[in-house]
Amino acid sequence: MAGLNFSPGDKVRLRLALKELDGVVLENAQSEVLLLKLDSGYNVGIPKENILAGRVLKKFVEDKKKFFLPKPDKKLKSIGLVVTGGTIASKLDARTGGVAPLTDVSEFANFYPEIFKIANVKKIVVPFMTASESMSSEHWLKIGNSVEELLNDSEIEGVVVTHGTDFLHYTSAVLSFFFVNLNKPVVLTYAQRSVDRASSDANLNLQCAAQMALSNCAEVVLVGHGSTNDDFCFAIRGTKVRKLHTSRRDAFKSVNDKPIAKVFSDKVEFISGYNVKHEGKVRGDFSFNDKVALVKFYPGQDSSILDFYALKYKGIIIEGSGLGHLPVGEQGNDWSLKLKKHIRNGFVVCITSQCIFGRVDPFVYSNGRKLLDAGVVFLEDMLAETAFVKLGWILGHYGWKKNVKEKMLENLAGEINEKLPIM
Ligand code: GLU
């Protein structure tokens, strides 16, 4: 139908040959097709020639209202908040149908009024706003600095950091090493679905994160949905957590470790041991050497990949087989010569498991012993991502150059578990 006078963001009702459709008009450069976001959340493209009639139910008006931070409630304890981007700091853009970052911190506060009923948010720091795939060690250092500033404010009980989900477990691991002697809780949280969707996980995650930040657990933890329902969260140690689902609200799981606590919007129930809060200031150990790599081994992989990394990098984490093997002594593809050569020249090679759950073990097969002889470091039950940030952090300390292996195998932030829990 020609002459449809709709603008992006308008809520409209369309009459088609067999049905009527309600939805919000989305921006679309392709003028013969009208893009519509349906109430179910799906986007559909409708050729304009198929539209028999249409009318505007609600004209789009840009929301120009001013947002303000709520006034502090003297009866509540205070927390600090670090906002870094991701879905938790985004909202649905009616005109594009996609999720776009919030531009104003007070808008963030406006979206999540519930957290202000649990704690006073004494200070909000926004070191940058970016998706977690765009982060680098520079961003980790900025987050570390923001966290340190808030931890050293004597009125603040704990710190909540909001973050995109995809590479959140790298940040939780790196903060665990930056702050090995933590004085207060540092709680990372996220949203898989933005707050303006009915199925959003943002509010419960934030409320539980605030509860955890008020607790006496002085550890870096990730707090997020414990089930697909909107009922409770788990607090998981920052070095033992991994995103294991693309879209579920309970995407993060505790790996080779029990969660530290079950967290509800009004209470924390501790499940396993943790470091308790202590008085005094904290200083982050913000060292990091970017010349580290994380590589997954696959059958047939050419060992000359080590030549490339040894040329430009100081160390590498390789996700080997289940128990941590690479092909050695096999005909045609023997990694041992290259490993020996580069390790002798000071290149660090560490092994984790492709299996995620469980522990690498060089003593079950003779291949494992050959790798040990070549100088490969077997990282017990450490997650590959945790191992990667730990190696970067250790190599960032010049004084530890001679004992990188010992440091990698020292349990500094709960990253190694001697006894794996039955889960
Ligand atoms: N991929 C983006 C990120 O990790 C956005 C998605 C999210 O927050 O889950 O920041």
Side-chain angles (χ1 to χ4, degrees), residues 67-91 102 105-126 147 150 155-165 168 172 184-217 219-238 241 248-254 259-271 274 277:
F67 300 103
F68 297 100
L69 286 177
K71 285 224 161 57
D73 178 342
K74 293 227 164 64
K75 293 192 294 296
L76 298 177
K77 290 186 170 165
S78 293
I79 59 168
L81 186 61
V82 180
V83 175
T84 71
T87 302
I88 193 162
S90 305
K91 67 174 177 185
L102 299 179
V105 178
S106 59
E107 199 180 359
F108 183 94
N110 191 67
F111 264 137
Y112 301 111
E114 290 83 355
I115 189 177
F116 296 89
K117 294 181 188 128
I118 294 170
N120 282 324
V121 181
K122 188 183 169 201
K123 200 162 176 208
I124 304 183
V125 187
V126 189
V147 168
L150 297 173
E155 284 174 25
I156 285 176
E157 301 290 328
V159 178
V160 172
V161 181
T162 67
H163 197 291
T165 57
L168 176 47
S172 68
K184 298 173 184 176
V186 173
V187 186
L188 294 118
T189 197
Y190 65 89
Q192 286 274 72
R193 306 188 195 148
S194 65
V195 66
D196 36 23
R197 290 181 198 271
S199 62
S200 176
D201 44 345
N203 251 316
L204 182 72
N205 285 356
L206 261 180
Q207 290 175 69
C208 293
Q211 287 294 352
M212 197 65 197
L214 293 175
S215 79
N216 71 341
C217 170
E219 300 227 15
V220 176
V221 293
L222 183 146
V223 164
H225 269 57
S227 77
T228 49
N229 298 328
D230 216 27
D231 43 9
F232 73 94
C233 289
F234 278 128
I236 305 171
R237 187 163 278 117
V241 65
R248 274 168 63 145
R249 298 189 287 186
D250 60 342
F252 288 91
K253 299 288 179 209
S254 191
I260 291 182
K262 200 169 172 180
V263 191
F264 299 84
S265 57
D266 58 350
K267 63 176 179 195
V268 177
E269 281 174 7
F270 284 99
I271 300 170
Y274 57 92
K277 257 175 138 167

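Quick note: residue numbers are just sequence positions, from 1. Given the structure is predicted, the values throughout are model-derived calculations rather than measurements.
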In short, Gly80 meets Ile156 closest at the heavy-atom pair N-CG2, 3.6 Å
Non-hydrogen side-chain atoms of Ile88 and His163 separated by less than 4.5 Å
no
For Ser215 and Pro185, work out which heavy atoms get closest and say how close.
O-CG, 3.4 Å
Do Gln192 side-chain atoms and Arg249 backbone N/O form a donor-acceptor pair below 3.5 Å?
no
Is there side-chain contact between Leu76 and Ile118, with heavy atoms separated by less than 4.5 Å?
no
Can you check whether Gln207 reaches Tyr112 side chain to side chain, under 4.5 Å on heavy atoms?
no
Below 4.5 Å, heavy atoms only, C-beta onward: do Phe232 and Cys208 meet side chain to side chain?
no
Over 60° means perpendicular and under 30° means parallel, so classify the ring planes of Tyr274 and Phe270, tilted if in between.
parallel
Any side-chain heavy atom of Ile115 sitting closer than 4.5 Å to one from Ile79?
yes
Is a side-chain donor or acceptor of Ser78 paired with a backbone partner of Val121 at a separation under 3.5 angstrom?
no
Taking the side chain as C-beta and beyond, is there a heavy-atom pair between Cys233 and Leu204 under 4.5 Å?
yes
Just by modelled atom types, is the Arg193 backbone N or O under 3.5 Å from a matching donor or acceptor in the Asp201 side chain?
yes
Under 4.5 Å between any side-chain heavy atoms of Lys277 and Glu157, yes or no?
yes
Going through the checks in order, is the side-chain contact (heavy atoms from CB on, under 4.5 Å) test met by Val159 and Lys184?
CA-CA 8 Å; Val159 178; Lys184 298 173 184 176; over 6 Å; no
Keeping to residues at least two apart or across chains, list the ring-ring contact (aromatic ring centres under 6.0 Å, His included) pairs with something in residues 185-211.
Tyr190-Phe252
Any idea which heavy atoms bring Met212 and Ile260 closest together, and the distance?
CE-CG2, 4.4 Å
So does His225 get a backbone contact from the side chain of Asn205, meaning a donor-acceptor N/O pair under 3.5 Å?
yes
Starting from the C-alpha separation in whole Å, work towards a yes-or-no answer on side-chain contact (heavy atoms from CB on, under 4.5 Å) for Thr165 and Thr87.
CA-CA 8 Å; Thr165 57; Thr87 302; 5.9 Å; no
Pair Phe234, Ile271 - check side-chain contact (heavy atoms from CB on, under 4.5 Å), show working.
CA-CA 10 Å; Phe234 278 128; Ile271 300 170; 3.9 Å; yes
